[in-house]
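The structure appears right after this line, and notes come after that.
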Number of protein chains: 2
Amino acid sequence: MVKRMLNHQPSLDRVFHALADPTRRAIVERLALGQAPVSELAKPLTMSLAAVVQHIQILEQSGLVVTHKAGRVRTCRIEPRTLQAVETWIAQRRGLWERRLDRLGELLAEPAPATEAAKDTP
Amino acid sequence: MVKRMLNHQPSLDRVFHALADPTRRAIVERLALGQAPVSELAKPLTMSLAAVVQHIQILEQSGLVVTHKAGRVRTCRIEPRTLQAVETWIAQRRGLWERRLDRLGELLAEPAPATEAAKDTP
DNA sequence: CCGACACTCAAGTAAATTCTTGACTGTTCT
DNA sequence: AGAACAGTCAAGAATTTACTTGAGTGTCGG
């Protein structure tokens with residue numbers, strides 16, 4: 001039986017999926033200001049507590065949020081390394097594309113419409 | 001009935017959702033190397049062409065990809081500004097959290113760091 | 001001890017997502 | 001002109017998601 005797997009290498013699938021929901025982003029934004037218990041995260045949200053808990057579980061499975069239960073209170077906080085992993089993935093793709101633009105090969109390869117080539121566009 | 005709430009930026013919903021699918025990320029990774037027509041994007045993928053087109057539509061609606069049809073060929077390319085917008089959102093949240101941690105350490109160490117007048121007037 | 005509190009679990013539902021197939025449109029090649 | 005190519009459109013099936021309600025568990029304050 002799997003009781004608790006501490007083995008959560010953040011898959012991009014899960015992380016992006018977690019961030020795709022506005023409620024979960026609102027939770028992340030709140031947690032960016034500091035850790036908070038579940039019931040406080042639920043306060044501004046117009047849904048049942050159980051629903052909020054489900055969102056938090058998704059955030060936790062994605063590795064974006066870490067929680068710790070003390071007594072009857074579960075405290076949530078952000079895991080910045082997961083956030084950083086996403087940031088890095090995006091930055092790398094954007095960097096690739098922009099370095100590609102420096103080469104200028106492909107854009108100039110598109111066929112010009114047969115009339116005379118006017119290079120200057122005023 | 002659709003119960004939605006708390007809409008910050010509707011585009012973030014779509015962008016994160018678009019990136020949450022491995023097929024769509026594979027398309028983005030391919031496009032990071034340079035623009036490509038739909039059928040070339042479909043080549044390595046093990047699904048019908050229609051399915052790939054649907055993925056591309058989602059990427060386009062999210063603003064991550066821009067397409068242009070010439071003759072019978074639709075060419076796709078990355079829109080780096082959308083990628084950058086996501087990067088910025090994440091970096092801001094991570095920055096908030098980390099600054100928060102710094103503050104906490106300082107506040108526990110010293111009573112009050114005097115708020116100096118910043119002279120940023122460029 | 002008792003009740004309020006802070007979740008927790010399970011089951012069910014409406015809507016969204018992902019992918020398929022089959023028919024169809026518009027282009028290019030020969 | 002006809003065949004092949006590149007994509008488009010629509011309808012439908014299997015699965016997943018985002019909630020709900022109702023009942024239960026463990027913890028703290030008085």
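Computed from a prediction, not measured in an experiment: that's the story for all the values here. Per chain, numbering begins at 1; letters A, B, ... match sequence-line order.
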(message) Any residue in residues 30-41 of chain A with a heavy atom nearer than 4.0 angstrom to DNA chain D? Just list them by number, or reply none.
(response) none
(message) Students often mix this up, so state it plainly: with edges at 30° and 60°, are the rings of A:F16 and A:W89 parallel, tilted or perpendicular?
(response) perpendicular
(request) Supply the atom-to-atom distance B:L41 CG to B:R74 CZ, rounded to the nearest 0.5 angstrom. (result) 12.0 Å
(message) Can you measure B:R24 atom CZ to C:dC19 atom P for me and round it to whole angstrom units?
(response) 8 Å
(message) On the nucleotide D:dT20, are OP1 or OP2 found under 4.0 Å from the side-chain N or O atoms that A:S48 carries?
(response) yes
(request) Check if the side chain of A:Q57 and the base of C:dT8 share a donor-acceptor pair of N or O atoms closer than 3.5 Å. (result) no
(request) Round to a whole Å and report the spacing from CG of A:L49 to P of D:dA18. (result) 17 Å
(message) So, does A:K69 get its side chain near the phosphate of C:dA6, meaning an N or O under 4.0 Å from OP1 or OP2?
(response) no
(message) If I take atom CG in residue B:D21 and atom P in nucleotide D:dT17, what distance separates them, rounded to the nearest angstrom?
(response) 11 Å
(request) Would you check if B:I27 and B:L59 make a side-chain contact, meaning some heavy-atom pair closer than 4.5 Å? (result) yes
(request) List the protein contact pattern of nucleotides 23-30 of chain D with one symbol per nucleotide (5' to 3'): B for base contact, S for sugar-phosphate-only contact, - for none; contact means a heavy-atom distance under 4.0 Å. (result) ---BBS--
(message) At 4.0 Å (heavy atoms only), tell me whether B:I58 reaches a base, stays on the sugar-phosphate, or touches nothing.
(response) sugar-phosphate
(request) Please determine if a side-chain N or O atom of B:H17 lies less than 4.0 Å away from the OP1 or OP2 oxygen of C:dT18. (result) yes
(message) Under a 3.5 Å distance rule, please check whether B:R24 uses its side chain to pair with a backbone N or O of B:A18 as donor and acceptor.
(response) yes
(message) Tell me the interatomic distance from B:M47, atom CE, to D:dA14, atom C1', rounded to whole angstroms.
(response) 15 Å
(message) What is the separation between atom CD on A:Q61 and atom P on D:dT17, rounded to the nearest whole Å?
(response) 10 Å
(message) Rounding to an integer number of Å, can you tell me how far B:R74 CZ sits from D:dA6 P?
(response) 15 Å
(request) Search all heavy atoms of A:R14 against all heavy atoms of A:S62 and return the closest pair with its distance. (result) O-CB, 3.6 Å
(request) Indicate the atoms forming the closest heavy-atom contact of B:A42 with B:V52, along with that distance. (result) CB-CG2, 3.8 Å
(request) Measure from NZ on A:K43 to P on C:dC7 and round the result to the nearest Å. (result) 10 Å
(message) Please confirm whether the shortest side-chain N or O distance from B:H55 to OP1 or OP2 of C:dC19 is below 4.0 Å.
(response) yes
(message) Just the rounded figure in Å: distance from C1' of D:dT8 to CD of B:Q54.
(response) 10 Å
(message) Could you walk me through whether B:E29 and B:R25 satisfy the salt bridge (Lys or Arg N to Asp or Glu O under 4.0 Å) test, starting with their C-alpha distance in whole Å, then the side-chain angles of each, then the deciding distance to 0.1 Å, before giving a yes or no?
(response) CA-CA 6 Å; B:E29 298 211 356; B:R25 279 203 311 282; 5.6 Å; no
(message) Would you say A:Q35 and A:T75 are linked by a side-chain donor-acceptor pair, where the criterion is simply a distance under 3.5 Å?
(response) no
(message) Counting C-beta onward and ignoring hydrogens, is there a side-chain heavy-atom pair between A:C76 and A:L31 closer than 4.5 Å?
(response) yes
